[in-house]
Number of protein chains: 2
Amino acid sequence: MTDNNNKFQAVTESAAAAANFQQNPYGPNPADFLSNVNNFQLIDSTLREGEQFANSFFSTEKKIEIAKALDDFGVDYIELTSPVASEQSRKDCEAICKLGLKAKILTHIRCHMDDAKVAVETGVDGVDVVIGTSKFLRQYSHGKDMNYIAKSAIEVIEFVKSKGIEIRFSSEDSFRSDLVDLLNIYKTVSKIGVNRVGIADTVGCANPRQVYELVRTLKSVVSCDIECHFHNDTGCAIANAYTALEGGARLIDVCVLGIGERNGITPLGGLMARMIVASPQYVKSKYKLHKIRDIENLVAEAVEVNIPFNNPITGFCAFTHKAGIHAKAILANPSTYEILDPHDFGMKRYIHFANRLTGWNAIKSRVDQLNLNLTDSQVKEVTAKIKKMGDIRPLNIDDVDSIIKDFHSGITTPALKPAKENEPIEDSVDILLDPQGPAFKKAKTVAK
Amino acid sequence: MTDNNNKFQAVTESAAAAANFQQNPYGPNPADFLSNVNNFQLIDSTLREGEQFANSFFSTEKKIEIAKALDDFGVDYIELTSPVASEQSRKDCEAICKLGLKAKILTHIRCHMDDAKVAVETGVDGVDVVIGTSKFLRQYSHGKDMNYIAKSAIEVIEFVKSKGIEIRFSSEDSFRSDLVDLLNIYKTVSKIGVNRVGIADTVGCANPRQVYELVRTLKSVVSCDIECHFHNDTGCAIANAYTALEGGARLIDVCVLGIGERNGITPLGGLMARMIVASPQYVKSKYKLHKIRDIENLVAEAVEVNIPFNNPITGFCAFTHKAGIHAKAILANPSTYEILDPHDFGMKRYIHFANRLTGWNAIKSRVDQLNLNLTDSQVKEVTAKIKKMGDIRPLNIDDVDSIIKDFHSGITTPALKPAKENEPIEDSVDILLDPQGPAFKKAKTVAK
């Protein structure tokens, strides 16, 4: 049957496409011929967008610590707050430029010569220019029309280029801007020559297929790279980043834990979870994924927030399996219920077996760990006792072990199992049989 | 110019389509002729999938409290843990069925007659049947082939239907299942008649455009409604739900705060944030959105987690604006930097003005609140002083007020502003000028 299938495929599909698809059905769609899913870059904006997060106040030392950690992780660019935001912002920008990091250093300014003149003197590798193009921003923010925007853009771009550093031009609130206005301004700046144009979903309204369409359309208008910036107000910032790459965008703005204005933007860790599924080799070879937890802890500590309980990858239960049917399959092969391998991120998986949803396969593993010898039907019997207790109250590991040991001492032929036998099971899948998984404790949150 | 535009549109576009698009560019795409974005239903699974969350242990009383809150909010269905999971699970299921809620009560079982026989006796309005169809699950979970799956499915479906209640058949791990196998089994069960077929992204691997394609394809094969269930391992659960509706799915599985196996599924609140942007009238008329915060607090308390700092809608800073350029525009018109109106959810917006990124428009509002009289250039001067202090350390409201009052008393013609004048500004946009926005306090998280 396998042979027949292979022959059939050889006739009807190109061997390469078939092999590629079979290798990874979550890889780039072959129909997306402009896709950069296998060739994307990260612009980390924790020290710019992230500074706009309500709780943020980064000292110079903390900024340097974060910049070094991001550089070590492997982000391609680090974006910093505008040097005109405050005197210390300018000094910090200069200090980070002097660190000699591998990542290129950018600063983010309004599309204005006053800002540009200060920015180019800081030592940055590039300047990210932004201007609002939606009717909202044109009316309530800067109050200028598209002709003025084009004129300012050209002046600032030519000036930054004359200094020999990178330049990105971005619209703000791109998804509420007039499409013709947008394409006009992007075409103009692409013609005079920029490194990147940026699309920004400033209010977090865009949905994935909208993003794909706009990126594809823009890709046919400009000859430079496309960078995308997605706010997360409606929970689509990771998915939008992914579909932007499918459509041909090359660079994604991220922040550690997604911190930024309101509830923030595409999170670095969450995007890595998405991208490792689509492009495992590229992601693993380029980024130090096992550093994600440390970087998130560093930033969470600095801005005084907890890692969300449901955070991708590093949430306390991201690799905890509970229902009996899940535990059974995970014990046989973790890929059954995991698309991410915790080891890729320096994390571990847990089986949460001390609860009423548990199953006899999970309890059998615990029996093996305790080096006790029970038949399958005996394990099923003790599992029923555990589920009964789990109906009454939350269980801990001592409860389960007591029930198992009581049961074991009550049967006629208690015998210790040879110690060797249970080891391969545990080693082969690296499962921590922890009754509660890693603990997460609720704390008081003061919200007005 | 407006007149010309209108004439042009009248000639080139159907008036209805144009009007619809202009009303809401985030509404359903007219090209998605099967879209249910304006006609979706919610199946809340907090008491099933949510019970599989690592921290969950719901007492009978808590289950009833949660079920009533969900019913009051307006979810269409409430899904409960299988009655065969444990004795108490069965009793709780019966108790919730007797509450007489508006929402239909479902229970979720394996595709097996043993489970079905117990389920139909609980008093539920419908049974959700699931079976693994991926090669992983077929090998490591139940070990059965597709013929066996079809045979079991038909038997269980016919049996449940004979009891006069609703039946849903779902594959598990649908996105790693063979497409032909999937379509075959769905076609079979659709022919014998089911209320819904379900697609489940059990491992959280799917991306939005994949979801759209699968739903569209399935829609051409079955004549019943399509329900979708998305895990959030790679951060796409909300976006996938949205594209599923665009493709023609009708029902989305959600949990409060997204709690479930690992890092959970599509969150109720997050999906409401997405859907209110796309379909404001439908969402506002059908669901009590101002109850989201209470329901989230209820469940968070029950499972001992914090509301994530970056949670859509209810995250402590979801409506907090910080950068000076944002604050300025928000003061003029909140829609400039908001796609969600906090009032729709019983929430408030905040301007975080006591920091080095602040701008003179935000400070001017504070000056007005303090009923002081300063010219614009004086406000700019005092703003510079505030930014300077904000460079040195985090500020609080007293710091800013002291700086403003010092400055005010130092100028030559201190005068109180007429009290009336500053009121319209505040009332019209309902902005709380809070130096820190709502507070979020970090707590110790014990993670192994």
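Letters A, B, ... mirror the listed sequences (proteins, then strands); counts begin at 1.
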Chemist: Only pairs of heavy atoms separated by less than 4.5 Å count here; which of A/Ala329, A/Pro312, A/Ala318 has the most with chain B?
Modeler: A/Ala318
Chemist: Heavy atoms only: give me the nearest A/Gly204-B/Ile339 pair and the separation to one decimal.
Modeler: O-CG2, 4.0 Å
Chemist: Of the non-hydrogen atoms in A/Lys348 and A/Phe319, which two are nearest, and what is the gap between them?
Modeler: O-CB, 3.5 Å
Chemist: For chain A, which candidate among B/Lys388, B/Arg274, B/Met275 shows the most heavy-atom pairs at distances under 4.5 Å?
Modeler: B/Arg274
Chemist: If I compare all heavy atoms of B/Ile351 with all of B/Ile330, which pair ends up nearest, and what's the gap?
Modeler: CD1-CG2, 3.5 Å
Chemist: Less than 4.0 angstrom from a charged side-chain N to a carboxylate O is my criterion; do B/Arg90 and B/Glu87 meet it?
Modeler: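 Counted as a salt bridge, because a side-chain N and a carboxylate O are separated by less than 4.0 Å.
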Chemist: What residue in B/Gly132, B/Gly260, B/Ser56 has the most heavy-atom pairs under 4.5 Å with chain A?
Modeler: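 Most pairs with chain A among the choices: B/Ser56.
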Chemist: Determine the minimum heavy-atom distance between A/Ser134 and A/Asp173, stating which atoms define it.
Modeler: OG-OD2, 3.0 Å
Chemist: Got B/Val303 and A/Phe309 here, is their nearest side-chain heavy-atom distance under 4.5 Å?
Modeler: no
Chemist: Select one option (side chain, backbone, both, neither) describing which atoms of B/Pro208 are under 4.5 Å from chain A's heavy atoms.
Modeler: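 The answer is the side chain of B/Pro208.
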Chemist: Side chain, backbone, both or neither: which part of A/Ala206 has a non-hydrogen atom closer than 4.5 Å to chain B?
Modeler: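 For A/Ala206, backbone heavy atoms alone lie under 4.5 Å from chain B.
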Chemist: Side chain from CB out, backbone as N, CA, C, O: work out which of these in A/Glu172 comes under 4.5 Å of a heavy atom of chain B, or both, or neither.
Modeler: side chain
Chemist: Taking all heavy atoms of A/Thr202 and all of A/Arg262, pick out the closest pair and write down the distance.
Modeler: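 The pair with the smallest heavy-atom distance is O-NH2, 2.8 Å.
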Chemist: Below 4.5 Å, heavy-atom pairs only: which of A/Thr314, A/Leu257, A/Asn207 has the largest tally toward chain B?
Modeler: A/Asn207
Chemist: For residues A/His321 and A/Glu338, is any side-chain donor paired with an opposing acceptor at under 3.5 Å?
Modeler: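 Yes, A/Glu338 and A/His321 have a side-chain donor paired with an acceptor closer than 3.5 Å.
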Chemist: Using non-hydrogen atoms only, which part of B/Ala384 is less than 4.5 Å away from chain A: side chain, backbone, both, or neither?
Modeler: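 B/Ala384 has no heavy atom closer than 4.5 Å to chain A.
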Chemist: Does any heavy atom of chain B fall under 4.5 Å from the side chain of A/Leu271, the backbone, both, or neither of them?
Modeler: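 Contact with chain B involves no heavy atom of A/Leu271 at all.
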Chemist: Top residue by heavy-atom pair count (under 4.5 Å) with chain A, among B/Lys135, B/Lys328, B/Glu246, B/Met272?
Modeler: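 Result: the option with the highest number of such pairs is B/Glu246.
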Chemist: By a 4.5 Å heavy-atom criterion (distance strictly below it), what part of A/Thr60 contacts chain B: side chain, backbone, both, or neither?
Modeler: neither
Chemist: Less than 4.5 Å to any heavy atom of chain A: does that hold for the side chain of B/Asp32, its backbone, both, or neither?
Modeler: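 Answer is side chain: those atoms of B/Asp32 sit under 4.5 Å from chain A.
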Chemist: Measure the spacing between OG1 of B/Thr81 and CD1 of B/Ile109 and express it to the nearest 0.5 Å.
Modeler: 13.0 Å
Chemist: I need the A/Phe136 CZ to B/Ser335 OG distance, nearest 0.5 Å.
Modeler: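 The CZ atom of A/Phe136 sits 5.0 Å away from the OG atom of B/Ser335.
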Chemist: Which one wins on heavy-atom pair count under 4.5 Å against chain B: A/Gln88, A/Arg393, A/Lys322?
Modeler: A/Lys322
Chemist: What part of B/Tyr337 gets within 4.5 angstrom of chain A, counting heavy atoms only: side chain, backbone, both, or neither?
Modeler: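 When you check distances to chain A, atoms from both the backbone and side chain of B/Tyr337 fall under 4.5 Å.
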Chemist: Only pairs of heavy atoms separated by less than 4.5 Å count here; which of B/Leu357, B/Ile313, B/Asn29 has the most with chain A?
Modeler: B/Leu357
Chemist: Heavy-atom pairs under 4.5 Å with chain A - which of B/Ser86, B/Ala273, B/Cys205 has more of them than the others?
Modeler: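 Of the options given, most contacts go to B/Cys205.
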Chemist: So which residue, A/Thr336, A/Asn361, A/Ile238, ends up with the most heavy-atom pairs under 4.5 Å with chain B?
Modeler: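 Looking at each option in turn, the highest pair count goes to A/Thr336.
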Chemist: Where is the tightest heavy-atom contact between B/Lys387 and A/Ala85, given as atom of each residue plus distance?
Modeler: CE-O, 2.7 Å
Chemist: For A/Ser89, is it the side chain, the backbone, both, or neither that has a heavy atom closer than 4.5 Å to a heavy atom of chain B?
Modeler: both
Chemist: With a 4.5 angstrom heavy-atom cut-off, which part of B/Thr243 approaches chain A: side chain, backbone, both or neither?
Modeler: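 Just its side chain gets close to chain A.
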Chemist: Are B/Glu49 and B/His108 packed together at the side-chain level, in the sense that at least one heavy-atom pair is separated by less than 4.5 angstrom?
Modeler: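 A side-chain contact is absent here, since even the closest heavy-atom pair is not under 4.5 Å.
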Chemist: Checking heavy atoms, do the side chain of A/Phe53, its backbone, both or neither come under 4.5 Å from chain B?
Modeler: both
Chemist: Enter the distance from A/Leu340:CG to B/Asn263:CG here, rounded to the nearest 0.5 Å.
Modeler: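 Reported value, rounded in 0.5 Å steps: 8.5 Å.
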Chemist: Can you say whether A/Asn311 sits under 4.5 Å from chain B via the side chain, the backbone, both, or neither, judging by heavy atoms?
Modeler: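 For A/Asn311, the backbone is the part near chain B, not the side chain.
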Chemist: Select, from B/Ile259, B/Val203, B/Ile325, B/Asn232, the one with the greatest count of heavy-atom pairs under 4.5 Å involving chain A.
Modeler: B/Val203
